[in-house]
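The residues of the chain are indexed from 1 along the displayed sequence.
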Amino acid sequence: MELRQKEQLVHKAYNVKNLLMHSISSPSFFWARVAVLLFLTQFSAAANTFFEVIGLEGSASVERSRDRSRERLSVGDRISDNDLVETVFQSRITVRFGDNNIAILGSNSSVLFNISSAVRDDGAIDEVNFTLFSGGIFARAVSNSFIRVYTPNAVAETESGALSTVVEARTGETGVQVLGGAAQVRNIAQQRGAQISSGFTTMVHPGREPTAPLYITMRHVTVLKHFFGEEYITAQLASAGINPTEERRTGARLSMAHSAARRDPADDAVQGPLFNKDRIWGSILSNKAREKGHWSPIHSPATMRGRQFAGIGTNMAVSDGASSSSYYAKAGFDLSRMDIGLNLGVTGNAEGEKSAGFTSLEGVLSIIDYLTVGSSDGATFLRLGSIENLTYSKGLVVRDFRSSNPNHLFDPMSFQFQLSNSSSFFLGLFFQNLLRPKIGGMNLTLSPDVYQFILGYYYDADQYDIFKEENYSRLHSAAAPETLLYRHSNQQRSAIHIFETGLETELFVTFTAVLRTSFEYSWLYHNGKKRGHVFRAPSFSFDWNGIHAGIGIVTESGRMLSQQFGHSYMKNRAHLFTDFINEGPDTIVSQNMQLASGRSTQGVLIDFRMNPFPGSSVEAYIKHDYKSRSDSTRNDSSFKIMPDFTFDINFSVDETVLPFLRYASIFLRQQNGTHFPGGSSYFKSLSFESGLELMTTPLIFGIALSTNGRFQFLNRGGIAESAENVLPAFDFGIDIIREF
């Protein structure tokens, strides 16, 4: 591409930026301008360097570097930088790049494709590298390109010529044939090489310089035609004026090169393992993620598989004079494709009684902390045990969902299933309590190429169950069911069903940066009637050098909330209101029915994540409504309110920062900060919580320490109408663990 064209693309990108800024400030014609933005950005992205498949015989596949997905190739498909292409027996694929430069990948071959643009004194040029792990490749540089082929033992390069390179995968022996122009060939471990002219071939053995050039023979031509097609090879030989010689040796194997020197067996041990497809490509992907790619989260070791340990621990919770303590022994086992964790102990309830949980099935099952069966890479698994920080898709409905209620004595036996094929296919399913699967949902995400399609369904069969279930309260006893009234006398049950759909596409992709846009819509049914929706669009996200940043507009209506299934949902599904004037019984109302049917809000969300230094991560999610028409009321009327808000801030480090600190995290979060109860404020509502988590590496005799603390607010039970009546609660735990 000429420099003048590149300057025009830069000018278009500048116009795209101005268009976006003006669209935000001018609501009129907004969607039309977004359409123009998408068109121009897609046009700009199309200018990126890539390979185009122009011929295919047999079967070939590509493994994408951006998401590790694998797909079959067809004529017209594109191959991007750092994609890995493989062919099968009796197959070949032809690709074009730049100004009519071509490459042909032969049968049973595996090649890593690299392409980038460079500017030289005489203009722009495409720099192309092919890393040949096995098989053979033919490449021809016609104009404005520089081609380099790497094998385990050799490097061959040409700027204006054609060459074929074939490698024996086991030994790394490499044969190079120059079919036009000239090429430089050298041993990969040496600086000196040889210039090979058109019509000649050379051989590179481990640890040795290229052999003396020999004329290309008829036997070479036969193999070349078999590998790369008679049409291309015949035309190339004719255009280069090459007349192959007759084979001088008899009994030689049909190969691209002949062993002209005796090979040292030790060379295989040195050269082979170092030049390994998984090692080289895996290293590229690892560096991409760590240094130039996307933000990399730091996970709690408690959520990681493959740990074997035994230990003891204690936990204490305090709230408004009430306290509860527990003592337990725990262990974890790694059984190949299955992990199991056990937790056996005694816990104090709200009445001060100690219980081991053997009097109820829920208590017995709580002994199983987790049971996970799945693939070694963790992409597909089935898990029993409590759920922590479950997020589906972009978190429009399910974001950091936690299955346990902090006021409940036993964690539920939850069910979680995930089926994933890299990032091209994802199916997730969960039930909050396998014994009573009244809360759950599923998510299906398909990611063909640069697009992502989202479908989801989530439900709560009865939000009133929070006060109907058996009373295993940890700190404060729930009101007895017979004392409750319902907001609407004909609603003895509050069932919600939520449907979710979404679309995301990549607008701009390079090795170091990705720009995406997404449109998401979700709607709520309550007791069979549509009661509201959430629309999050347009949203834009940008990944660059370990930084993720996103911004979007969120519109809510009626009784639907974004992030409905969040971290505080299990303690916030329904609330009680007390009639102080008439001293009547408590009235129960579900979370969603507290919101007015005519409610309408609009807000902005900001999502930011980064790795400020190796071994650390910062996550910040902020949503604030700048426009609101109504809020929760007791009589379902509407009035102007203080705008609602949600925030979630987390800072984590691992042992890269401090060798003795395996993991440490502090967090601060609050969801729907003005809603539950009405009149709540920053840092005081039923959804606010803050805390820390810390785990050391084995300090002495293989023993590690783990501790956590959390501050939050609980529903008093019969008084939840005012923010003054929520109860602060604090819990703290410490474990002593011996790892094996």
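- Under the 3.5 Å distance criterion, the side-chain polar atoms of Gln432 are matched with a main-chain donor or acceptor of Ser403.
- Nearest heavy atom pair, residue Ile498 against residue Ser522, reads CG2-OG, 3.2 Å.
- With rounding to the nearest 0.5 Å, the separation of CE in Met570 from OG in Ser386 is 12.0 Å.
- Annotation: side chain of Leu561 is in contact with side chain of Arg599 (closest heavy-atom distance under 4.5 Å).
- Checking side-chain atoms of Asp369 against main-chain N and O of Leu342 turns up no donor-acceptor pair under 3.5 Å.
- A heavy-atom distance below 4.5 Å is not found between the side chains of Tyr663 and His299.
- The two residues Leu429 and Tyr392 have their closest heavy-atom pair at N-OH, 3.2 Å.
- With Lys684 contributing its side chain and Phe713 its backbone, the two residues share no donor-acceptor pair below 3.5 Å.
- Ring geometry for His497 against Tyr457 counts as parallel: the plane angle stays under 30°, on a 0 to 90° scale with 60° as the upper cut.
- Between the side chains of Tyr682 and Gln670, no donor N or O sits under 3.5 Å from an acceptor N or O.
- Nearest heavy-atom pair, Glu71 versus Arg64, reported as atom, atom and distance to 0.1 Å: OE2-NH2, 3.1 Å.
- Using a 4.5 Å heavy-atom cutoff, the side chains of Phe415 and Ile387 are not in contact.
- The backbone N or O of Thr674 lies less than 3.5 Å from a partner atom in the side chain of Asp644, making a donor-acceptor pair.
- When the options Val398, Ile454, Leu455 are evaluated for a side chain to side chain contact (heavy atoms under 4.5 Å, CB included) with Asn443, the one that passes is Ile454.
- Of the N and O atoms on the side chains of Asn572 and His575, at least one donor lies less than 3.5 Å from an acceptor on the other residue.
- Atom-to-atom distance recorded for Thr555:OG1 and Met560:CE is 13.0 Å, nearest 0.5 angstrom.
- Side chain of Asp339 to main chain of Thr372: no donor-acceptor pair is present (N/O by atom type, distance under 3.5 Å, no hydrogens or angles).
- Although no hydrogens or angles enter the test, the distance criterion places a donor-acceptor pair under 3.5 Å between the side chain of Arg573 and the main chain of Asp462.
- Using a distance-only test at 3.5 Å, with no hydrogens or angles considered, no donor-acceptor pair links the side chain of Ser568 to the main chain of Ser687.
- Side-chain contact annotation: Ser494 with Ser590, donor-acceptor N/O pair under 3.5 Å present.
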Between Tyr521 and His533, is a side-chain contact (heavy atoms from CB on, under 4.5 Å) present by the stated rule, with each step listed? CA-CA 7 Å; Tyr521 180 70; His533 70 259; 3.5 Å; yes
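- In this view, Tyr569 and Phe565 satisfy the ring-ring contact (aromatic ring centres under 6.0 Å, His included) rule, not counting sequence neighbours.
- At a cut-off of 3.5 Å, with distance as the only test, no side-chain donor of Ser539 or Glu520 sits close to an acceptor on the other residue.
- Two residues are said to be in side-chain contact when any heavy atoms from C-beta on lie closer than 4.5 Å; Tyr370 and Arg383 meet this criterion.
- Side-chain contact between His675 and Gln591 is absent, with no heavy-atom pair separated by less than 4.5 Å.
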Step by step, would you call Thr646 with Gln563 a side chain to side chain donor-acceptor pair (under 3.5 Å)? CA-CA 10 Å; Thr646 294; Gln563 302 175 32; 5.4 Å; no
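- Counting all heavy atoms, side chain and backbone alike, Phe410 lies closest to Ser360 at CE1-OG, 4.3 Å.
- Proximity of a side-chain donor or acceptor of Lys571 to a complementary backbone N or O of Leu686 within less than 3.5 Å is detected.
- No hydrogens or angles considered: a donor-acceptor pair under 3.5 Å links the side chains of Ser665 and Asn650.
- The salt bridge (charged side-chain N to carboxylate O under 4.0 Å, His left out) contacts involving residues 391-401 comprise Lys394-Glu504, where partners must be two or more places apart or lie in separate chains.
- Between the side chain of Asp460 and the main chain of Ile496, no donor-acceptor pair closer than 3.5 Å is present.
- Listed here is the closest heavy atom pair of Asn611 and Ser617: ND2-CB, 3.6 Å.
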Can you check side-chain contact (heavy atoms from CB on, under 4.5 Å) on Phe535 and Gln602, steps first, answer last? CA-CA 9 Å; Phe535 185 48; Gln602 195 168 69; over 6 Å; no
Start with the C-alpha gap between Ile622 and Phe645, add the side-chain angles, then the distance that decides, and say whether side-chain contact (heavy atoms from CB on, under 4.5 Å) holds. CA-CA 8 Å; Ile622 300 171; Phe645 63 87; over 6 Å; no
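- Between Phe508 atom CZ and Leu515 atom CG the span is 8.5 Å, to the nearest 0.5 Å.
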Using the side-chain contact (heavy atoms from CB on, under 4.5 Å) rule, take Asn433 and Ile439 through it: C-alpha gap first, then chi angles, then the decisive distance, then the call. CA-CA 7 Å; Asn433 190 331; Ile439 300 174; over 6 Å; no
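- To the nearest 0.5 Å, the span separating CG on Leu390 from CZ on Arg402 amounts to 12.5 Å.
- Among residues two or more places apart in sequence or in another chain, the ring-ring contact (aromatic ring centres under 6.0 Å, His included) test is passed with Tyr621 by none.
- In plain terms, the two heavy atoms of Glu500 and Tyr458 that are nearest each other are OE1-OH, 2.7 Å.
- Between Gln712 and Pro406, the closest side-chain pair of non-hydrogen atoms falls below 4.5 Å.
- Taking 4.0 Å as the cut-off between side-chain N and carboxylate O, Arg609 and Glu619 do not count as a salt-bridged pair.
- Ion pairing between a basic and an acidic side chain is recognised when a charged N comes within 4.0 Å of a carboxylate O; Arg72 and Asp77 show no such pairing.
- Using a 4.5 Å heavy-atom threshold, the side chains of Pro677 and Val726 count as touching.
- A perpendicular orientation is assigned to the rings of Phe499 and Tyr525, their planes being inclined by more than 60° (bins at 30° and 60°).
- Ile547 is listed as a side-chain neighbour of Phe608, based on a closest heavy-atom distance under 4.5 Å.
- Rounding to the nearest 0.5 angstrom, the gap separating the CE atom in Met413 from the CZ atom in Arg436 is 13.0 Å.
- The closest donor-acceptor contact from the side chain of Arg559 to the backbone of Leu595 lies under 3.5 Å.
- Rounding to the nearest 0.5 angstrom, the gap separating the CZ atom in Arg669 from the CD1 atom in Ile649 is 11.0 Å.
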